[in-house]
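So the structure is just underneath, and the comments pick up after that.
The sequence lines fix the lettering, A, B, ..., with proteins before strands; numbering per chain opens at 1. Just so you know, these numbers use all the heavy atoms, side chains as well, and skip hydrogens, waters and symmetry mates.
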Amino acid sequence: MSVAVRLKGITKRFPGVLANDRIDLVVEAGEIHAICGENGAGKSTLMKILYGMQAPDEGSIEVLDQERTFSSPREAIDVGIGMVHQHFMLADNLTVIENVILGAEPSKGALIDFATARSRLRELGEAYGLALDLDDAVGTLEVGERQRIEIIKILYRGARILILDEPTAVLVPQEVEELFRNLRELKTEGHTIIFIDHKLDEVLEIADTITVLRQGRSVARVKPEDVTAQDLAELMVGSELPTPETREATITDRTAVEVKGISVVDEAGVTRLRDVGFSVQCGEIVGVAGVEGNGQGELVEAILGIIPVSEGSIHLHGDDVTGWSVRQRREAGMGYIPEDRHRRGLLLPAPVWENSILGHQTRRRFLSSRVWIDDEASRDHASNVVERFDVRTPGVHTPVHALSGGNQQKLVVGRELAIECNPLIAAHPTRGIDVGSQAAVWEDLRRARAEGLGLLLISADLEELIGLSDTLLVMLRGEIVARLDPARVTPRELGAYMTGAAA
Amino acid sequence: MAAVGLALLVAALVLVVSGADPLVAFGNIWEYGSRLETVIESFNRATPLYLSGIAFAIAMRMNLFQIGVEGQYILAAFFAAYVGAGVGSLFPPLHIAIILLTAMIVGAAWAGLAGWMKVTRNVHEVISTIMLNAIAVSGLVSFLLGRWKIESESLDTRLGDIATTGWFPSLNPIVELATREIKRVELTGFILVAALVGVAYHLIINRSRLGYDLRATGANPWAAEASGVPPKRTIVLAMLLSGAVAGLVGMADLLGDQHFYSLRFPQGLGFAGIAVALLGRNHAVGAAVAAVAFGWLERASGVLEVRGDAPREIVTIMVAVIILFAVIAYALAQRRRRIEAAAAASAQVESAGGAGEADT
Ligand SMILES: Nc1ncnc2c1ncn2[C@@H]1O[C@H](COP(=O)(O)OP(=O)(O)OP(=O)(O)O)[C@@H](O)[C@H]1O
Ligand SMILES: [Mg+2]
């Protein structure tokens, strides 16, 4: 078999960090090659180097047996390399077709030739089973669809070597299966695929070859037949594979948050949430299962107070807070882990310490008086979060955009847990976090629960949901369609409820 | 530095094209610019420029492109002059306070209007402030000036004089003490107010709760909203603050120099402030340096016109070119500094990495 990509001795330094340390990587043509490694191991950096987004400090890149140096992604695209980033890069207010052709518009004179683009996209969609409605605004689409757009976008540019950075992190199991079908299809067409993933059973299922990175070095290159998920975990972080499991019940009779019959109607007049009601007690974890886009986002935003409810009421520790502002609710103790850390959870250009108080900037402990922020207390708090939750960063003054995706997530999760919020509204808390740190987060959630935290947990990871929750709700089309006992349900059954196949 | 040289080169080219000898011209600028009078005048000029820059920067910190400082300060100066003259003679601190307060309230109100349009009608602040500039300068002020003007011997259309109790003291006693010379030009005392505003700006933006909310909104409005920052109220508040500072822009001239409002009241300070804020990177000290540099450039190059080396337009172009190049040079230097910092840090990592290797 011929070699599609050969990276030799790639080294990349950032201020205070050696992100890639003489990494060698060989990807054969026509294979699916997985890259695994803990948060901050250097996976995204290595891929950005291959894609011409970042220049290596040392080392060489060979694509199809030709040595290359890329000074921009455009040059990588020209030799057939395409990349879908860990954090999507689509323009929300443009339509699907505009997003796809942006930067590579077929032209007719001075005009964009939409007709040609349309027919080419339709061909591509059919060839790979990637169905899309070309005229939807991207902002209205769900993650699974956005991801398909990203993939089509790079295929449209003629990519033969596809790089996908944590494509499954944002997907529910059904969508993952669909994605994997697409990837296999692409592989039979002769495409080469490199992808990054933290979910080891997924990696074992689809990869032909696996390269493991650890602290910026390539430490192993294995075949999935030869290893178990356990072996992989040990190669990555040197620890055992954790399982989320909640043991003894710690539920109390104090209600942390209760929603009573709430409905949400969006600006276009569409009902997004219909008559949803449940309560989360202190010391209880209530899990919400559902395919992305079935009202979970609206539920979270309504509880937080970002969007208004058209009917029903929301209660926090017994107070009716339906008319309260976000700030009032947060001051009353509400914590929040957003599904998209970049959009709702972080100030990317701001330093770690400022981000470590975001959402709690009005708390007494971070203020030295009514007007002034207590910088010192905030920095101490940040150091505490960084240490306790193993956020890999050169320091608390480092801007958050310089952290790896998983470390950004750990910062968001650590912030809410260290501040001891109650209740905590958490969407996909372990999204993008490596197996080792995942275990730590689960442990922290359990401990907080034992100390009386009421947690509303939304997750695409069914094992996480079943393992952690005391009660499970299933959402479908904006309604709660089932209440299940997590002790008695399997991921497969849960999946059936989520798609409405089970009644 | 190379870019500054380039800026001078282009400026020289402009001069050559206009038929002047650039070497002689630069010599004149330097000779004139290093005189104490020119330096004092530069500071006088820098004072309103700085305030204007800070007004712009406040809004810029939350990504509001508030280009309405121009209209706000002219409107504010007009009303402040009217009120200041109307109240007659008062206890001086009270008189000055009334004038400044009027200016700040008018400026804040005018800017607040743009903020209000943004949060209720979703009108972009660039559109609304451009519109409000036009309404303020060519509409309201012209109209009211026509009605409220007083008869005077000069041809200038003007309002009445502010009584001497409403004059802001100059710093000349101090300057004279320091240089032991009696000067013809006066160093404006308002420079102290500008400094105070700069300090307050720095503290509020970087250290206060309100500043945190402002910056959070500027960095990521969605995350700020989820963190409890009320988006609409913060927009209006930022505009009010920005407008209040904008209201002070004309006060150095009104209280320290002219003491009445007229058609000849200085214009264009609002737009110049944008350049000050940009070059100063919305930073309190950076903007001060930029304001003084611009002030000096403007004053010192004025000599060309006086000496007949070059016509006024050419001087204006030259100054604009130099400013443009300075901004570019600054941006480039900034980038180089970042890259160098990265290299230095990675050198550290390398040695630390080597040590770590020995451990494991
Ligand atoms: N632009 C940057 N500036 C400074 N440091 C950076 C930058 N990008 C990455 N780093 C650092 O390089 C290291 C590797 O980051 P990278 O994003 O490659 O990790 P990763 O393996 O993709 O991790 P994750 O699983 O969390 O996404 C991290 O320590 C990170 O802090
Ligand atoms: Mg990554």
Side-chain angles (χ1 to χ4, degrees), chain A residues 11-19 21 57 215-217 300-301 304-307 325-331 334 336-338 340-350 354-355 357-363 366-375 378 394 398-402 412 425, chain B residues 60-63 122 124 199-200 202-234 237 241 281-282 334-335 337-357 359-360:
Chain A
T11 296
K12 178 75 186 174
R13 301 178 196 94
F14 289 114
V17 186
L18 185 54
D21 184 6
D57 295 327
Q215 293 175 358
R217 312 218 178 112
V300 168
E301 299 203 336
L304 201 65
I306 296 175
I307 55 172
S325 67
V326 181
R327 176 145 283 168
Q328 285 170 307
R329 296 180 200 207
R330 302 214 69 166
E331 284 174 350
M334 192 178 285
Y336 172 50
I337 297 173
D340 181 344
R341 53 182 171 256
H342 277 193
R343 186 174 163 87
R344 289 276 189 202
L346 293 168
L347 311 173
L348 288 178
E354 285 190 4
N355 275 281
I357 62 169
L358 184 67
H360 311 281
Q361 63 264 42
T362 55
R363 288 197 179 217
F366 300 129
L367 299 175
S368 55
S369 70
R370 284 177 59 87
V371 179
W372 307 106
I373 296 224
D374 187 341
D375 291 16
S378 308
T398 306
V400 161
H401 68 69
V412 172
I425 315 299
Chain B
M60 202 57 204
R61 273 300 175 96
M62 54 177 292
N63 280 344
N122 207 9
H124 196 277
V199 171
H202 174 77
L203 288 178
I204 289 174
I205 290 292
N206 294 310
R207 310 295 289 274
S208 78
R209 245 177 71 170
L210 171 67
Y212 184 96
D213 283 358
L214 273 169
R215 282 182 297 127
T217 309
N220 182 349
W222 296 280
E225 184 184 21
S227 84
V229 178
K232 295 187 172 176
R233 205 188 318 158
T234 313
L237 205 62
L241 275 179
R281 285 290 161 111
N282 301 327
Q334 191 82 0
R335 221 169 97 179
R337 210 169 314 139
R338 265 207 300 274
I339 293 169
E340 274 163 13
S346 61
Q348 273 173 15
V349 172
E350 201 128 302
S351 51
E357 225 166 47
D359 286 347
T360 46

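For a residue to count as touching a neighbouring chain, one of its non-hydrogen atoms must lie under 4.5 Å from one of that chain's; by this rule A:Arg330 touches chain B with the side chain only. There is no contact between A:Arg341 and chain B, counting heavy-atom distances below 4.5 Å. A:Glu354 touches chain B through backbone and side chain together, each having a heavy atom under 4.5 Å away.
The two residues B:Ser227 and A:Arg327 have their closest heavy-atom pair at O-NH2, 4.2 Å. The minimum heavy-atom distance between B:Glu225 and A:Arg344, with the atom names listed, is OE1-NH1, 3.0 Å.
Counting heavy-atom pairs closer than 4.5 Å to chain B, the top residue among A:Leu304, A:Leu358, A:Ile306 is A:Leu358. Across B:Ala219, B:Gly211, B:Ala226, B:Ala224, the residue that shares the most heavy-atom pairs under 4.5 angstrom with chain A is B:Ala226. The choice from A:Leu346, A:Ile373, A:Val326, A:Asn355 that makes the most heavy-atom pairs within less than 4.5 Å of chain B is A:Ile373. Put simply, of B:Leu210, B:Asp213, B:Val229, the one with the most heavy-atom pairs under 4.5 Å next to chain A is B:Asp213.
For the atom pair A:Asp375 CG and B:Tyr212 OH, the distance stands at 11.0 Å (nearest 0.5 Å).
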- Message: Let's go through A:Leu347 and B:Arg215 carefully: what are the C-alpha distance in whole Å and the side-chain angles of both, what is the deciding distance for side-chain contact (heavy atoms from CB on, under 4.5 Å) to 0.1 Å, and is it a yes or a no?
- Response: CA-CA 9 Å; A:Leu347 311 173; B:Arg215 282 182 297 127; over 6 Å; no
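Using a 4.5 Å heavy-atom threshold, the side chains of A:Trp372 and B:Leu203 count as touching. A:Asp340 has its side chain out of reach of B:Trp222: every pair of non-hydrogen atoms, C-beta onward, lies at least 4.5 Å apart.
A:His342 is linked by a ring pair (Phe, Tyr, Trp, His ring centres under 6.0 Å) to A:His87, counting only residues two or more places apart in sequence or in another chain.
Heavy-atom contacts from other residues, nucleotides or ligands closer than 6.0 Å to CZ of A:Arg363 number more than 12.
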